[in-house]
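Just follow the structure's listing: the first ligand is 1, and inside any ligand the first atom is 1.
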Amino acid sequence: MNEKVKKLKEQALTNIEKATNLKEVNELKILYLGKKGPINELTMHLKELNNEEKREFGKILNDLKNEITSQIEEKIRYYEDLEIKEKLEKEKIDITLPGVKIPLGAPNILEHIIEEIENICMSMGYDVVDGPEIEEDRFNFELLNIPKGHPARDAQDTFYIKEEEILLRSQTSPVQARTMLKAGGDKPIRMICPGKTYRRDDDDATHSHQFMQIEGLLVDKNVSLSDLKGTMDAIFKKLFGSSCEVRFRPSYYQFTEPSVETDISCFACKGKGCSLCKNTGWITVSGAGIVHPNVLKNCGYDPNIWSGFAFGFGAERLAMLKYGISDIRTFYQTDLREIRDFDRREKNND
Ligand code: DAH
């Protein structure tokens with residue numbers, strides 16, 4: 001019997017010694033110390049022995065059990081510690097490593113310039129209003145002093161949805177008429193309306209069948225061309241810098257009289273002459289004028305009491321000038337590189 005115990009002890013201790021991971025040690029624990037294990041089995045035989053032998057052999061078995069248990073527990077502790085250490089090692093964060101870059105969105109260039117103009121105009125008391133892109137011929141043309149058959153319509157090759165009645169607005173000027181009619185003819189108006197417009201143009205570097213305009217209208221009493229000039233001056237100085245100068249050239253629009261073309265001094269060459277200003281020192285940025293008495297009348301304002309000025313900017317043109325973009329199609333080709341590049345340039349300007 002003693003021989004058997006000795007062998008069992010040797011075998012158990014060698015196996016525990018040889019175990020290379022927690023799983024193996026736990027298996028040995030069940031194997032040697034479990035209910036069906038050899039120690040338990042030997043314990044069963046104790047009852048066959050006399051008291052003296054029972055005491056002696058009982059002690060031997062007890063010692064064996066204690067020794068195996070302590071060896072197994074030591075080994076379990078060792079592998080548990082190792083496991084924790086390995087886990088900690090694996091989950092270690094190197095806080096000196098650079099983080100993962102999250103791509104950030106950037107403002108759309110057109111939105112950006114429109115917002116700039118909105119903010120400038122709002123600071124001068126203008127409201128920002130909206131109008132429909134699908135428009136009635138009446139608002140787009142007739143109320144603006146451009147009756148059916150008038151040659152001025154030819155300049156705006158229009159997309160008609162329903163002939164002579166419903167169209168895609170070819171300008172944001174119909175919002176002038178809508179605003180005046182809504183105001184009811186008895187109160188002053190200061191509004192700008194940024195919005196999409198459409199013309200049957202072939203797309204190229206400077207033309208697009210779809211583009212953005214920003215319309216402006218002021219109606220009050222005793223409004224003069226010098227008020228318009230002062231307003232243009234304030235807007236373009238804010239947009240292009242305080243050295244920007246504004247000049248008016250006579251022009252023609254059916255809904256303004258007199259009508260002007262607004263030029264700004266070329267910011268690239270400071271007026272000396274370059275390719276941007278075609279060597280003239282000036283860049284055209286807007287159409288404008290004093291609201292035609294017929295338009296005031298058509299829209300419910302008495303031209304004997306009220307007067308006003310109006311202006312229209314091409315948003316793409318302003319953005320192209322300000323941010324050095326040479327092709328209008330850039331705005332509509334969803335090339336993210338342009339937007340990212342713009343964002344970078346903007347940040348460099350800050
Ligand atoms: N609607 C004109 C166009 O699309 C631009 C314009 C010119 C608007 C003069 C105005 C203005 O309000 O007074 O060509």
Closer than 4.0 Å to some heavy atom of [X] - which atoms of ligand 1 meet that?
X      : result
Gln176 : 12 (O)
Gly289 : 13 (O)
Thr256 : 13 (O)
Ser173 : 1 (N), 8 (C)

Specify the protein heavy atom at minimum distance from [atom]: its residue, its atom name, and the distance to 0.1 Å.
atom                    : answer
atom 1 (N) of ligand 1  : Gln171 OE1, 2.7 Å
atom 11 (C) of ligand 1 : Phe255 CE1, 3.4 Å
atom 14 (O) of ligand 1 : Arg199 NH2, 3.7 Å

Using a 4.0 Å heavy-atom cut-off, say whether [X] meets ligand 1 through its side chain, its backbone, both or neither.
X      : answer
Ala310 : both
Arg169 : neither
Phe309 : neither

Tell me whether [X] has any N or O atom under 3.5 angstrom from an N or O of ligand 1.
X      : answer
Gln213 : yes
Glu215 : yes
Ser170 : no

task = Not counting sequence neighbours, which residues clear side-chain contact (heavy atoms from CB on, under 4.5 Å) with Arg153? List them please.
result =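 Per chain and number, Arg153 pairs via side-chain contact (heavy atoms from CB on, under 4.5 Å) with Asp137, Phe141, Glu142, Ile146, Lys148, Tyr160.
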Carboxylate-amine/guanidinium contact [X] [Y], below 4.0 Å:
X      : Y      : value
Lys59  : Asp63  : yes
Arg55  : Glu52  : yes
Asp327 : Arg329 : yes
Arg178 : Glu135 : yes

Non-hydrogen atoms of Gln176 and Gly216 that approach each other most closely =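 Gln176 and Gly216 have their closest heavy atoms at NE2-O, 4.4 Å.
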task = Quick one: closest heavy-atom pair of Lys238 and Ile120, and the distance?
result =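 Looking at all heavy atoms of both residues, the shortest contact is CB-CD1, 3.5 Å.
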query = Applying the side chain to side chain contact (heavy atoms under 4.5 Å, CB included) test to Ile264, which of Cys277, Ser286, Cys244 qualifies?
reply =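 When side chain to side chain contact (heavy atoms under 4.5 Å, CB included) is applied between Ile264 and each of Cys277, Ser286, Cys244, only Cys244 qualifies.
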ask   = Should the ring pair Phe267 and Phe240 be called parallel, tilted or perpendicular, given that the plane angle runs from 0 to 90° and is split at 30 and 60?
value =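 Parallel, since the angle between the ring planes stays under 30°.
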